[in-house]
Peer 1: 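The structure under discussion is supplied below as structure tokens; questions concerning it will follow.
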Amino acid sequence: MRKKQSLLISVKSAFGGIYYCVTHERNMKIHIGAGLTVGFLSWWLALDKYEILILLVTVEGVLVAEMINTVVETLVNMISPEFHPLAKIAKDVAAGAVLITAIFSLVVGYMLFFSKL
Ligand SMILES: Nc1ncnc2c1ncn2[C@@H]1O[C@H](COP(=O)(O)OP(=O)(O)OP(=O)(O)O)[C@@H](O)[C@H]1O
């Protein structure tokens, strides 16, 4: 069994995982771009603390869903590089999870920003 790594190495590996997603996943770049735009709009429209809190949780949900989607895609590609109906279900469900968070984030954005623009 491998020796347990130090906390510092674990945190470094975790940042490496985030860096991988940001540099390799097109959708992650889109989500981050949308998150930065939302951050700018929040500052520009002077949203209150609770509105910003809702936006932070929403953006975080989309980013985490995208990262879990990347985990599923990577594992499926490793385990089942050839077409398999179960591999398709795994990838489609993971992509569906991201889609749900993206749709809800649009609703949240609409509710918070529309009346102020
Ligand atoms: N091994 C496989 N077996 C069956 N279907 C697959 C397999 N790999 C991919 N697919 C199908 O192709 C679709 C796209 O898969 P792909 O791995 O290209 O994801 P992707 O386009 O990179 O996704 P994303 O845009 O989220 O990064 C999947 O949603 C799934 O329906």
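Numbering of ligands and ligand atoms starts at 1, following listing order. Note that the structure is a prediction, hence the values are computed from the model and not measured.
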Peer 1: Does any non-hydrogen side-chain atom of Thr37 lie less than 4.5 Å from one of Phe40?
Peer 2: no

Peer 1: Does the pair Glu51/Lys116 count as a salt bridge with the N-to-O cut at 4.0 Å?
Peer 2: yes

Peer 1: With the side chain counted from C-beta on, respond yes when Asn27 and Val98 share a heavy-atom pair under 4.5 Å apart, and no when they do not.
Peer 2: no

Peer 1: Could you point out which residue of Leu106, Thr101, Ile100 forms a side chain to side chain contact (heavy atoms under 4.5 Å, CB included) with Phe104?
Peer 2: Ile100

Peer 1: Side chains of Met28 and Met67: does their closest heavy-atom pair fall under 4.5 Å?
Peer 2: yes

Peer 1: Enumerate the protein residues lying less than 4.0 Å from ligand 1, judged by heavy-atom distances, in chain and residue-number order.
Peer 2: Glu25, Arg26, Asn27, Asn69, Glu73, Ser80, Glu82, Phe83, His84, Ala87, Lys88, Lys91, Asp92

Peer 1: Once you round to the nearest 0.5 Å, how far does CD1 of Ile32 lie from SG of Cys21?
Peer 2: 9.0 Å

